[in-house]
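Have a look at the structure below, then the notes.
First listed ligand is number 1; within each ligand, the first listed atom is number 1. As the structure is a computational prediction, the values presented were derived from the model and not from experiment.
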Amino acid sequence: MKCVVCKGPAIIDIRRHNANFCTDHFLEQCRRQVTKAIAEFSMIEPDDKVLVAVSGGKDSLAVWDLLVGLGYQADGLYIGLGIGDYSDVSGVYARDFATERGLRLIEVDLPETYGYDIPTGSRAARRAPCSACGLSKRHLFDRAALEGGYDVLVTGHNLDDEAAVLFGNTLHWHTEYLGRQLPVLPARDGFPRKVKPLVRLTERETAAYCVVRGIDYLVEECPMAAGNRHLTYKAALNDIEAASPGAKHSFYFGFLDRAAAHFAPEAEADRADLGACRTCGAPTTAEVCAFCRLVERAGGSVPEGRAPDAVSVDLGPTRSPSTAAGADPDEPASIGVGSDR
Ligand code: AMP
Ligand code: FES
Ligand code: ZN
Ligand code: ZN
(Lines give C-alpha, C1' and ligand atoms only; values in the text may rest on other atoms or scores of the structure.)
(Ligands and ions follow the chains in the order given, each with its own letter.)
Protein backbone atom coordinates (compact mmCIF):
# COMPACT_ATOMS: atom_id res chain seq x y z
CA MET A 1 0.00 0.00 0.00
CA LYS A 2 1.57 3.25 -1.18
CA CYS A 3 0.85 6.86 -0.39
CA VAL A 4 -1.03 8.46 -3.25
CA VAL A 5 1.04 11.64 -2.88
CA CYS A 6 4.65 10.52 -2.30
CA LYS A 7 4.55 6.73 -3.02
CA GLY A 8 6.08 6.08 0.41
CA PRO A 9 4.58 3.40 2.70
CA ALA A 10 0.93 4.22 3.48
CA ILE A 11 -0.56 3.93 6.98
CA ILE A 12 -4.23 4.35 6.08
CA ASP A 13 -6.57 3.74 3.17
CA ILE A 14 -9.54 6.03 2.71
CA ARG A 15 -11.85 4.22 0.35
CA ARG A 16 -14.29 7.06 -0.27
CA HIS A 17 -11.37 9.09 -1.64
CA ASN A 18 -9.90 6.02 -3.32
CA ALA A 19 -6.57 6.98 -1.74
CA ASN A 20 -3.90 5.75 0.69
CA PHE A 21 -1.73 8.10 2.70
CA CYS A 22 1.57 8.00 4.57
CA THR A 23 1.76 9.62 8.01
CA ASP A 24 2.65 13.11 6.83
CA HIS A 25 0.23 13.18 3.95
CA PHE A 26 -2.56 11.78 6.13
CA LEU A 27 -2.08 14.67 8.56
CA GLU A 28 -2.06 17.07 5.63
CA GLN A 29 -5.25 15.47 4.33
CA CYS A 30 -6.98 15.99 7.72
CA ARG A 31 -5.89 19.63 7.82
CA ARG A 32 -7.07 20.13 4.26
CA GLN A 33 -10.49 18.66 4.98
CA VAL A 34 -10.94 20.86 8.04
CA THR A 35 -9.72 23.95 6.19
CA LYS A 36 -12.11 23.16 3.37
CA ALA A 37 -15.10 22.71 5.70
CA ILE A 38 -14.29 25.98 7.50
CA ALA A 39 -14.05 27.88 4.20
CA GLU A 40 -17.01 26.20 2.51
CA PHE A 41 -19.42 27.04 5.32
CA SER A 42 -17.76 30.25 6.60
CA MET A 43 -17.34 28.66 10.01
CA ILE A 44 -14.52 30.64 11.60
CA GLU A 45 -12.81 33.94 10.81
CA PRO A 46 -9.03 34.16 11.39
CA ASP A 47 -9.39 36.53 14.37
CA ASP A 48 -12.32 34.79 16.01
CA LYS A 49 -12.08 33.83 19.65
CA VAL A 50 -12.88 30.13 19.54
CA LEU A 51 -14.23 27.84 22.26
CA VAL A 52 -13.95 24.10 21.62
CA ALA A 53 -16.27 21.80 23.60
CA VAL A 54 -14.03 18.88 24.57
CA SER A 55 -15.26 15.59 26.00
CA GLY A 56 -11.89 13.81 26.29
CA GLY A 57 -12.80 11.66 23.28
CA LYS A 58 -11.00 11.46 19.93
CA ASP A 59 -13.13 13.86 17.92
CA SER A 60 -13.10 16.87 20.18
CA LEU A 61 -9.39 16.53 21.05
CA ALA A 62 -8.58 16.13 17.35
CA VAL A 63 -10.54 19.22 16.37
CA TRP A 64 -8.92 21.26 19.14
CA ASP A 65 -5.47 20.11 18.01
CA LEU A 66 -6.28 20.80 14.35
CA LEU A 67 -7.61 24.31 15.03
CA VAL A 68 -4.61 25.26 17.17
CA GLY A 69 -2.33 23.83 14.45
CA LEU A 70 -4.12 25.93 11.84
CA GLY A 71 -3.38 29.04 13.89
CA TYR A 72 -6.73 29.71 15.55
CA GLN A 73 -6.90 31.08 19.05
CA ALA A 74 -8.89 28.26 20.63
CA ASP A 75 -9.67 27.53 24.29
CA GLY A 76 -11.37 24.35 25.53
CA LEU A 77 -14.54 23.77 27.54
CA TYR A 78 -15.08 20.60 29.53
CA ILE A 79 -18.37 19.79 31.26
CA GLY A 80 -18.27 17.32 34.16
CA LEU A 81 -21.54 15.42 33.79
CA GLY A 82 -21.34 13.24 36.89
CA ILE A 83 -21.53 9.94 34.98
CA GLY A 84 -19.40 8.02 37.49
CA ASP A 85 -15.92 6.87 36.48
CA TYR A 86 -16.61 7.73 32.86
CA SER A 87 -16.79 11.44 33.68
CA ASP A 88 -13.81 11.30 36.04
CA VAL A 89 -11.62 9.68 33.41
CA SER A 90 -12.81 11.83 30.50
CA GLY A 91 -11.95 14.95 32.52
CA VAL A 92 -8.41 13.67 33.03
CA TYR A 93 -7.89 13.26 29.27
CA ALA A 94 -9.20 16.76 28.52
CA ARG A 95 -7.11 18.30 31.33
CA ASP A 96 -3.91 16.45 30.37
CA PHE A 97 -4.27 17.48 26.74
CA ALA A 98 -4.61 21.14 27.72
CA THR A 99 -1.81 21.08 30.30
CA GLU A 100 0.69 19.34 28.01
CA ARG A 101 0.12 21.95 25.32
CA GLY A 102 -0.25 25.01 27.52
CA LEU A 103 -3.85 25.56 26.40
CA ARG A 104 -6.65 27.07 28.46
CA LEU A 105 -9.43 24.70 29.55
CA ILE A 106 -12.60 26.06 31.14
CA GLU A 107 -14.33 23.52 33.36
CA VAL A 108 -17.94 23.40 34.50
CA ASP A 109 -19.03 20.68 36.91
CA LEU A 110 -22.74 19.92 36.61
CA PRO A 111 -23.23 18.28 40.04
CA GLU A 112 -21.12 20.88 41.81
CA THR A 113 -22.70 23.92 40.17
CA TYR A 114 -26.28 22.82 39.53
CA GLY A 115 -26.72 20.07 42.12
CA TYR A 116 -27.58 17.13 39.87
CA ASP A 117 -25.83 14.59 37.68
CA ILE A 118 -27.00 13.05 34.38
CA PRO A 119 -28.27 9.74 35.84
CA THR A 120 -30.35 11.62 38.44
CA GLY A 121 -31.52 14.27 35.99
CA SER A 122 -32.60 11.72 33.45
CA ARG A 123 -34.59 9.69 35.99
CA ALA A 124 -36.22 12.77 37.48
CA ALA A 125 -37.23 14.18 34.11
CA ARG A 126 -38.12 10.73 32.74
CA ARG A 127 -35.96 11.44 29.74
CA ALA A 128 -33.44 9.13 28.12
CA PRO A 129 -30.02 9.88 29.67
CA CYS A 130 -28.62 11.12 26.34
CA SER A 131 -31.52 13.51 26.05
CA ALA A 132 -31.06 15.03 29.53
CA CYS A 133 -27.34 15.11 28.86
CA GLY A 134 -27.71 16.86 25.51
CA LEU A 135 -30.08 19.42 26.96
CA SER A 136 -27.67 20.19 29.80
CA LYS A 137 -24.60 20.35 27.56
CA ARG A 138 -26.19 22.66 25.01
CA HIS A 139 -27.25 25.05 27.75
CA LEU A 140 -23.81 25.07 29.34
CA PHE A 141 -21.99 25.38 25.98
CA ASP A 142 -24.01 28.45 25.09
CA ARG A 143 -23.64 30.02 28.50
CA ALA A 144 -19.88 29.49 28.62
CA ALA A 145 -19.38 30.81 25.08
CA LEU A 146 -21.39 33.96 25.71
CA GLU A 147 -20.04 34.65 29.19
CA GLY A 148 -16.48 34.14 27.98
CA GLY A 149 -16.94 36.51 25.03
CA TYR A 150 -16.22 33.80 22.43
CA ASP A 151 -17.25 34.35 18.79
CA VAL A 152 -17.84 30.72 18.03
CA LEU A 153 -18.43 27.40 19.74
CA VAL A 154 -16.91 24.30 18.11
CA THR A 155 -18.01 20.71 18.63
CA GLY A 156 -16.34 17.52 17.44
CA HIS A 157 -19.28 16.14 15.44
CA ASN A 158 -17.92 14.18 12.49
CA LEU A 159 -19.35 12.80 9.25
CA ASP A 160 -20.53 9.59 10.94
CA ASP A 161 -22.42 11.58 13.59
CA GLU A 162 -24.04 13.90 11.09
CA ALA A 163 -25.00 11.16 8.65
CA ALA A 164 -26.50 9.05 11.47
CA VAL A 165 -28.63 11.91 12.84
CA LEU A 166 -29.74 12.75 9.31
CA PHE A 167 -30.61 9.10 8.77
CA GLY A 168 -32.76 9.03 11.94
CA ASN A 169 -34.51 12.29 11.15
CA THR A 170 -35.18 11.19 7.57
CA LEU A 171 -36.34 7.72 8.54
CA HIS A 172 -39.03 9.32 10.67
CA TRP A 173 -39.46 12.47 8.52
CA HIS A 174 -38.74 14.83 11.35
CA THR A 175 -38.91 17.73 8.96
CA GLU A 176 -38.83 20.32 11.74
CA TYR A 177 -35.30 19.15 12.63
CA LEU A 178 -34.01 18.74 9.08
CA GLY A 179 -33.95 22.47 8.39
CA ARG A 180 -31.41 23.11 11.07
CA GLN A 181 -29.16 20.09 10.76
CA LEU A 182 -26.40 22.26 9.38
CA PRO A 183 -22.63 22.42 9.96
CA VAL A 184 -23.03 26.07 11.01
CA LEU A 185 -25.74 27.65 13.11
CA PRO A 186 -25.28 31.41 12.98
CA ALA A 187 -25.32 33.48 16.14
CA ARG A 188 -28.78 34.85 16.86
CA ASP A 189 -31.09 35.85 19.65
CA GLY A 190 -28.25 35.60 22.11
CA PHE A 191 -27.10 32.19 20.86
CA PRO A 192 -23.41 31.90 19.93
CA ARG A 193 -22.41 30.72 16.44
CA LYS A 194 -21.93 26.94 16.48
CA VAL A 195 -19.81 25.04 14.03
CA LYS A 196 -18.65 21.49 13.22
CA PRO A 197 -15.32 21.59 11.40
CA LEU A 198 -15.01 17.76 11.31
CA VAL A 199 -17.97 17.13 8.99
CA ARG A 200 -15.61 16.08 6.21
CA LEU A 201 -13.80 13.48 8.37
CA THR A 202 -15.05 10.12 9.66
CA GLU A 203 -14.47 8.80 13.16
CA ARG A 204 -12.00 6.27 11.82
CA GLU A 205 -9.97 9.20 10.53
CA THR A 206 -10.18 11.24 13.74
CA ALA A 207 -9.07 8.17 15.71
CA ALA A 208 -6.14 7.66 13.31
CA TYR A 209 -5.31 11.37 13.54
CA CYS A 210 -5.07 11.11 17.36
CA VAL A 211 -2.89 8.01 17.19
CA VAL A 212 -0.53 9.63 14.69
CA ARG A 213 -0.37 12.87 16.65
CA GLY A 214 0.18 11.03 19.95
CA ILE A 215 -3.04 12.36 21.48
CA ASP A 216 -4.29 10.24 24.37
CA TYR A 217 -8.06 10.04 24.37
CA LEU A 218 -10.78 8.15 26.16
CA VAL A 219 -11.62 5.17 23.98
CA GLU A 220 -14.66 3.95 25.94
CA GLU A 221 -18.04 5.19 24.83
CA CYS A 222 -20.39 6.72 27.37
CA PRO A 223 -21.99 3.86 29.37
CA MET A 224 -25.38 5.55 29.25
CA ALA A 225 -25.47 5.52 25.45
CA ALA A 226 -25.65 1.71 25.16
CA GLY A 227 -28.69 0.66 23.13
CA ASN A 228 -29.13 4.18 21.73
CA ARG A 229 -30.85 4.16 18.31
CA HIS A 230 -28.17 6.49 17.06
CA LEU A 231 -25.63 3.66 17.34
CA THR A 232 -27.92 1.41 15.30
CA TYR A 233 -28.12 4.05 12.57
CA LYS A 234 -24.34 4.36 12.59
CA ALA A 235 -23.93 0.60 12.21
CA ALA A 236 -26.44 0.51 9.34
CA LEU A 237 -24.61 3.31 7.54
CA ASN A 238 -21.29 1.55 8.06
CA ASP A 239 -22.70 -1.52 6.30
CA ILE A 240 -23.88 0.62 3.40
CA GLU A 241 -20.54 2.43 3.27
CA ALA A 242 -18.64 -0.87 3.15
CA ALA A 243 -20.62 -1.91 0.09
CA SER A 244 -20.63 1.55 -1.46
CA PRO A 245 -17.70 3.75 -0.40
CA GLY A 246 -18.64 7.42 -0.33
CA ALA A 247 -22.33 6.75 0.41
CA LYS A 248 -22.21 8.51 3.78
CA HIS A 249 -20.57 11.56 2.30
CA SER A 250 -23.00 11.83 -0.57
CA PHE A 251 -25.97 11.24 1.72
CA TYR A 252 -24.98 14.09 4.06
CA PHE A 253 -23.48 16.56 1.58
CA GLY A 254 -26.23 15.84 -0.96
CA PHE A 255 -28.72 16.74 1.75
CA LEU A 256 -26.91 20.02 2.46
CA ASP A 257 -26.69 20.89 -1.25
CA ARG A 258 -30.08 19.85 -2.42
CA ALA A 259 -32.54 19.35 0.43
CA ALA A 260 -31.78 21.28 3.62
CA ALA A 261 -33.08 24.61 2.30
CA HIS A 262 -36.51 23.10 1.64
CA PHE A 263 -36.92 22.54 5.35
CA ALA A 264 -35.56 25.90 6.51
CA PRO A 265 -38.93 27.72 6.72
CA GLU A 266 -40.28 25.14 9.14
CA ALA A 267 -37.17 25.34 11.31
CA GLU A 268 -37.38 29.12 11.21
CA ALA A 269 -41.02 29.15 12.29
CA ASP A 270 -40.09 26.97 15.24
CA ARG A 271 -37.76 29.65 16.53
CA ALA A 272 -40.27 32.48 16.52
CA ASP A 273 -41.60 33.89 19.78
CA LEU A 274 -38.53 33.39 21.90
CA GLY A 275 -38.67 35.16 25.23
CA ALA A 276 -36.29 35.11 28.20
CA CYS A 277 -36.45 32.32 30.79
CA ARG A 278 -37.81 33.69 34.08
CA THR A 279 -35.12 31.86 36.04
CA CYS A 280 -31.94 32.10 33.96
CA GLY A 281 -32.67 34.51 31.10
CA ALA A 282 -32.00 31.98 28.35
CA PRO A 283 -34.15 32.26 25.22
CA THR A 284 -37.21 30.04 25.46
CA THR A 285 -40.71 29.75 24.09
CA ALA A 286 -41.95 28.84 27.58
CA GLU A 287 -41.92 30.89 30.75
CA VAL A 288 -39.14 28.76 32.24
CA CYS A 289 -36.61 27.16 29.92
CA ALA A 290 -36.20 23.39 29.49
CA PHE A 291 -32.86 23.41 31.29
CA CYS A 292 -34.25 25.17 34.38
CA ARG A 293 -37.20 22.78 34.42
CA LEU A 294 -34.78 19.86 34.29
CA VAL A 295 -32.69 21.32 37.12
CA GLU A 296 -35.78 21.79 39.24
CA ARG A 297 -37.08 18.28 38.63
CA ALA A 298 -33.69 16.84 39.43
CA GLY A 299 -33.71 18.64 42.77
CA GLY A 300 -30.84 20.96 41.94
CA SER A 301 -30.77 24.72 41.59
CA VAL A 302 -29.54 27.35 39.17
CA PRO A 303 -26.89 29.42 40.97
CA GLU A 304 -27.68 33.00 41.96
CA GLY A 305 -26.44 35.69 39.67
CA ARG A 306 -27.77 34.09 36.50
CA ALA A 307 -30.12 37.00 36.01
CA PRO A 308 -32.53 37.16 33.10
CA ASP A 309 -30.99 38.55 29.92
CA ALA A 310 -27.55 37.68 31.24
CA VAL A 311 -27.10 34.54 29.19
CA SER A 312 -28.68 32.36 26.58
CA VAL A 313 -29.13 28.75 25.71
CA ASP A 314 -29.87 26.57 22.75
CA LEU A 315 -32.27 23.85 23.74
CA GLY A 316 -33.29 22.83 20.29
CA PRO A 317 -32.62 19.54 18.61
CA THR A 318 -29.21 19.31 17.08
CA ARG A 319 -27.16 16.66 15.58
CA SER A 320 -25.53 13.96 17.62
CA PRO A 321 -26.45 11.31 20.12
CA SER A 322 -26.47 13.32 23.27
CA THR A 323 -26.39 16.83 21.89
CA ALA A 324 -29.44 15.91 19.88
CA ALA A 325 -32.15 15.91 22.52
CA GLY A 326 -35.45 15.73 20.76
CA ALA A 327 -33.78 15.07 17.42
CA ASP A 328 -33.95 11.37 17.92
CA PRO A 329 -37.59 10.43 17.53
CA ASP A 330 -36.99 7.12 19.24
CA GLU A 331 -36.22 8.65 22.55
CA PRO A 332 -39.07 8.36 25.02
CA ALA A 333 -41.15 11.50 25.07
CA SER A 334 -40.15 13.87 27.80
CA ILE A 335 -42.49 14.89 30.53
CA GLY A 336 -42.48 18.60 31.03
CA VAL A 337 -38.99 19.06 29.68
CA GLY A 338 -39.29 20.07 26.09
CA SER A 339 -36.97 21.85 23.79
CA ASP A 340 -37.16 25.55 23.29
CA ARG A 341 -35.51 26.20 20.04
P1 AMP B 1 -21.80 13.74 21.88
O2 AMP B 1 -23.05 14.52 21.90
O3 AMP B 1 -21.48 13.08 23.17
O4 AMP B 1 -21.62 12.89 20.68
O5 AMP B 1 -20.65 14.82 21.71
C6 AMP B 1 -20.62 15.66 20.61
C7 AMP B 1 -19.67 16.77 20.88
O8 AMP B 1 -20.09 17.49 22.04
C9 AMP B 1 -18.24 16.33 21.19
O10 AMP B 1 -17.50 16.13 20.01
C11 AMP B 1 -17.73 17.48 21.98
O12 AMP B 1 -17.38 18.55 21.13
C13 AMP B 1 -18.95 17.89 22.77
N14 AMP B 1 -18.99 17.26 24.12
C15 AMP B 1 -19.49 16.06 24.45
N16 AMP B 1 -19.36 15.82 25.78
C17 AMP B 1 -18.78 16.92 26.31
C18 AMP B 1 -18.38 17.30 27.63
N19 AMP B 1 -18.57 16.50 28.68
N20 AMP B 1 -17.79 18.51 27.79
C21 AMP B 1 -17.61 19.33 26.73
N22 AMP B 1 -17.96 19.02 25.48
C23 AMP B 1 -18.54 17.83 25.26
FE1 FES C 1 -24.18 12.30 27.76
FE2 FES C 1 -23.50 9.86 27.64
S3 FES C 1 -22.26 11.59 27.35
S4 FES C 1 -25.39 10.57 28.20
ZN1 ZN D 1 3.01 10.51 1.44
ZN1 ZN E 1 -33.69 28.88 32.30
Side-chain angles (χ1 to χ4, degrees), residues 51-64 76-84 86-91 93-95 105-110 114 117-119 121-122 127-145 153-158 160-162 164-165 194-199 203 206 217-218 220-226 228 230-231 234 275-284 286-296 301-302 306-313 315 318-325 327-328 331 337 340:
L51 185 62
V52 184
V54 287
S55 62
K58 61 189 181 321
D59 303 305
S60 49
L61 291 179
V63 77
W64 196 6
L77 167 67
Y78 171 75
I79 315 271
L81 298 162
I83 307 177
Y86 174 77
S87 288
D88 297 341
V89 179
S90 61
Y93 283 97
R95 235 165 270 138
L105 181 71
I106 299 171
E107 294 198 44
V108 178
D109 191 72
L110 193 63
Y114 294 91
D117 55 32
I118 293 303
S122 116
R127 276 184 97 114
C130 293
S131 160
C133 178
L135 171 62
S136 306
K137 282 193 290 201
R138 287 194 302 276
H139 182 98
L140 299 173
F141 290 171
D142 289 347
R143 183 188 296 285
L153 179 99
V154 169
T155 53
H157 295 104
N158 57 40
D160 297 88
D161 296 323
E162 295 308 289
V165 173
K194 295 191 191 172
V195 306
K196 297 174 226 170
L198 295 185
V199 284
E203 52 192 37
T206 60
Y217 62 89
L218 180 60
E220 283 79 50
E221 297 289 339
C222 169
M224 313 220 73
N228 188 317
H230 183 81
L231 298 177
K234 271 193 173 173
C277 167
R278 197 183 58 204
T279 308
C280 76
T284 174
E287 203 173 315
V288 174
C289 78
F291 176 74
C292 288
R293 297 201 299 275
L294 171 62
V295 174
E296 199 196 332
S301 65
V302 176
R306 309 282 188 188
D309 74 37
V311 286
S312 72
V313 59
L315 299 170
T318 45
R319 326 114 282 272
S320 87
S322 67
T323 43
D328 184 346
E331 281 177 3
V337 182
D340 292 320

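- Between Leu110 and Lys137, the closest side-chain pair of non-hydrogen atoms is not below 4.5 Å.
- The contact set between ligand 2 and Cys133, taken as ligand atoms under 4.0 Å from a residue heavy atom, comprises 1 (Fe), 3 (S), 4 (S).
- Counting heavy atoms from C-beta outward, Leu135 and Arg127 have side chains that approach closer than 4.5 Å.
- The closest approach between a heavy atom of Ala225 and any atom of ligand 2 is not below 4.0 Å.
- Angle SG (Cys280) to the Zn ion (ligand 4) to SG (Cys289): 110°, rounded to 10°.
- Residue contact annotation: Cys130 places no N/O/S atom under 2.8 Å from atom 1 (Fe) of ligand 2.
- Judged as a side chain to side chain donor-acceptor pair (under 3.5 Å), and not counting sequence neighbours, Glu220 has no contacts.
- You'll find the side chain of Asp161 reaches within 4.5 Å of the side chain of Glu203, heavy atoms only.
- Side-chain atoms of Ser60 come within 3.5 Å of backbone N or O of Ser55 as a donor-acceptor pair.
- Among the candidates Ser122, Pro129, Cys133, the single residue satisfying the side chain to side chain contact (heavy atoms under 4.5 Å, CB included) test with Met224 is Pro129.
- Enclosure of atom CD in Glu107 by more than 12 non-hydrogen atoms of other residues, nucleotides or ligands within 6.0 angstrom is indicated.
- Within ligand 2, counting atoms from 1 as listed, the ones closer than 4.0 Å to a heavy atom of Cys222 are 2 (Fe), 3 (S), 4 (S).
- Of the candidates Tyr78, Phe141, Trp64, it is Phe141 that places a heavy atom closest to atom 23 (C) of ligand 1.
- Residue Ala53 has at least one N or O atom closer than 3.5 Å to an N or O atom of ligand 1.
- Rounding to 10 degrees, one finds that the Zn ion (ligand 4) sits at the corner of an angle of 110° between Cys277 SG and Cys292 SG.
- Within the 4.0 Å heavy-atom criterion, the part of Leu77 lying near ligand 1 is the backbone and not the side chain.
- The side-chain contact (heavy atoms from CB on, under 4.5 Å) search around Ala164 returns His230, Tyr233, Lys234, Leu237, not counting sequence neighbours.
- Ligand 1 places these atoms under 4.0 Å from at least one heavy atom of Ser60: 10 (O), 11 (C), 12 (O).
- Taking every non-hydrogen atom of Leu81 and a distance limit under 4.0 Å, the qualifying atoms of ligand 1 come out as 19 (N).
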